[in-house]
Amino acid sequence: MSGCRDWLAHLVLGLGAALFLLPIWLAFCAATLDPAAIDRGELSLVPRLDHLGVFLEVLRHGGPGVGPVWRMLAVSAAMALAIALGKIAISILSAYAVVFFRFPFRRTAFWIIFVTLMLPVEVRIIPTYAVMADLHFIDTFQGLTVPLIASATATLLFRQTFVAIPDELLEAARMDGAGPLRFLWDVVLPVSAANLAALFVILFVYGWNQYLWPLLAATSPRLDTVVIGIVKMIGIDTSTEWNKVMATAVLALVPPVLVVVGLQRWFVKGLTEGEK
Amino acid sequence: MERRTIFPGWRLPLLLVAPQLLLTLVFFYWPAAEGLWQSLTRTDAFGIHTRFVGLANFAALFADPRYRSSVAITLVFCAAVTALSLGSGLVLALAADRELRGRDLYRVLLIWPYAVAPAIAAVLWLLLLNPQIGTIGRWLVALGVHWDYALNGTQALLLVIVASAWKQVSYNFLFVLAGLQSIPRAVIEAARMDGAKGFHRFRTIQLPLLAPTLFFLVIVDLVYAAFDTFGVIQAMTQGGPGRATETLVFKVYQDGVVNLDLGSSAAQSVVLMGGVILLTALQFRFLGRRVAS
């Protein structure tokens with residue numbers, strides 16, 4: 001009985017894994033084919049290993065409509081890192097202030113942040129653009145990142161973690177003469193390491209995968225992220241060079257997938273304990 | 001919940017909370033206020049005169065058949081993406097919730113698509129479903145199906161649904177699996193001794209205990225489908241053919257950025273904000289209860 005059910009589980013999981021892997025494997029193979037062959041619909045599940053040079057070629061020279069892919073990868077990486085680290089930093093500080101101090105308007109401050117919990121940039125896109133124009137942020141790296149750094153989710157998550165830190169720990173630290181910043185650095189941060197790692201994964205992926213905001217905020221090719229670049233490449237209807245598109249798509253997947261798989265253990269733990 | 005012990009002083013905490021507050025005010029409240037104001041005004045074709053028109057933009061919006069059809073498309077799209085990704089995630093999680101050889105490997109193979117950008121998922125699926133170059137697309141054509149999403153609106157909608165849902169399965173899988181594993185073994189054992197098996201056990205024991213997780217996922221999936229899928233639509237169908245895949249967020253972008261109808265676009269943004277706030281409130285009622293229990 002149990003053997004039969006295990007067999008079924010293997011079947012379901014194997015099928016699921018295959019459904020996830022198939023598109024990416026096909027993209028990898030397509031990258032190594034002749035663009036003309038792809039146009040004729042001659043996709044194959046076997047890559048042409050002698051054509052792996054296409055990856056180097058797009059890295060160095062890009063493709064139709066876009067600059068070198070290494071540049072776009074660098075912009076994406078800088079953007080993802082700035083958003084992830086920026087969000088984590090300001091959220092830790094604000095959550096720390098709200099939990100470990102009493103100050104005037106503490107509740108007001110918390111609610112001001114809290115209300116923005118789920119207001120994604122997509123719903124306030126045009127007015128945010130107008131504000132950016134007033135600040136002369138259009139077409140700058142700050143413009144690409146700073147508006148996406150404000151976030152209530154991370155603050156809430158850290159608040160939850162901090163509230164659970166036992167009072168005794170704080171009392172002991174104060175007895176030892178530790179000030180607030182010392183306590184933050186020596187006790188609170190190490191205790192929250194799992195949340196930090198999980199949040200880093202989530203926010204890195206969030207930053208890397210942005211599409212609508214960069215499309216609007218940064219029109220100069222200098223600031224093209226790799227996700228923007230790919231859609232630009234297929235936007236040229238007449239002469240889409242599918243092999244280059246797919247090579248770029250594969251390259252664009254590698255960094256965020258590495259981050260997720262590499263930090264998997266932390267990510268799963270932090271994600272499911274903290275609810276997003 | 002309040003702490004007993006705290007640090008004294010008020011200058012330092014204000015300083016610590018200031019960056020977050022500043023960003024929130026500048027990039028949430030200011031745009032929100034500006035959007036609200038814009039939604040109540042109308043600017044002439046030359047962008048010179050702006051006058052207050054009250055709720056006229058909203059009235060025009062709800063009277064517009066294009067907008068109403070976009071609402072309907074968004075509802076169908078969101079419901080389908082949520083059902084598809086949550087359903088698949090649930091099935092995979094149920095299969096993975098057991099002592100199985102190769103469990104860790106399966107888990108890696110099933111969570112990596114979390115990292116895929118929606119726009120890139122769209123490009124990958126083009127390679128499968130495009131009628132000229134796509135593997136599955138060509139099969140369909142060879143089988144005699146009139147598969148051409150550039151002409152057929154229903155097929156186009158199906159295409160963006162599949163690509164959007166595919167990417168979201170991992171997230172659902174992770175949460176359902178965590179939910180299943182947090183059910184105490186004793187409960188399952190007791191059910192087994194009572195003779196509850198297979199589907200019956202799932203329906204009477206696991207499903208009720210999983211309900212809060214599933215509810216949370218429904219909200220997350222709806223928000224994902226409504227707001228994060230702009231890239232999928234832009235890459236695959238550009239809202240077409242006709243307006244068959246023009247979701248609300250896509251329309252805000254079209255009207256505001258492409259057609260420069262700021263008043264209407266702002267009114268649409270305000271409606272969307274209302275929707276998000278409603279979903280947040282729903283989720284919070286549930287989250288709050290969950291934290292309390």
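Sequence lines set the chain letters: A, B, ... in the order given, protein chains first and strands last, and positions in each chain run from 1.
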Original post:
Aromatic rings B/Trp166 and A/Phe20: how do their planes relate, parallel, tilted or perpendicular, breaks at 30° and 60°?
Top reply: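 It falls in the perpendicular class, over 60°.
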Original post:
Relative to each other, are the rings of A/His10 and B/Tyr106 parallel, tilted or perpendicular (30° and 60° limits)?
Top reply: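 It falls in the tilted class, 30° to 60°.
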Side chains of [X] and [Y]: does their closest heavy-atom pair fall under 4.5 Å?
X: B/Trp10; Y: A/Phe105; value: no
X: B/Phe7; Y: A/Arg102; value: no
X: B/Trp112; Y: A/Val260; value: no
X: B/Phe27; Y: A/Met132; value: yes
X: A/Thr248; Y: B/Val123; value: no
X: A/Met246; Y: B/Leu127; value: yes
X: A/Ser94; Y: B/Leu21; value: no
X: A/Arg106; Y: B/Leu14; value: no

Under 4.5 Å from any heavy atom of chain A - which part of [X]:
X: B/Gln268; value: neither
X: B/Thr135; value: both
X: B/Ala235; value: both

Original post:
Of the backbone (N, CA, C, O) and the side chain (C-beta and beyond), which part of A/Leu212 lies under 4.5 Å from a heavy atom of chain B, both, or neither?
Top reply: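 Both parts, backbone and side chain.
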Subject >> Proximity breakdown for A/Ala173 and chain B, heavy-atom pairs closer than 4.5 Å >> reply: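 The answer is neither part of A/Ala173.
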**OP:** Apply side-chain contact (heavy atoms from CB on, under 4.5 Å) to B/Phe28 and A/Thr128, showing your working.
**Re:** CA-CA 8 Å; B/Phe28 281 90; A/Thr128 308; over 6 Å; no
**OP:** Measure the CD1-CG distance between B/Ile136 and A/Leu22 for me, rounded to the nearest 0.5 Å.
**Re:**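 With rounding to 0.5 Å, CD1 (B/Ile136) is 7.0 Å from CG (A/Leu22).
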**OP:** For A/Tyr96 and B/Val17, indicate whether the former's side chain and the latter's backbone hold a donor-acceptor pair under 3.5 Å.
**Re:**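 Here the side-chain-to-backbone pair does not exist.
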Original post:
How far apart are the closest heavy atoms of A/Ala9 and B/Leu100, and which atoms are they?
Top reply: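 Reported closest heavy-atom pair: CB-CD2, 3.9 Å.
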Original post:
Taking all atoms of both residues into account, what is the closest heavy-atom pair of B/Pro19 and A/Ile90, and its distance?
Top reply: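 Scanning both residues, the minimum pair turns out to be CB-CG2, 4.0 Å.
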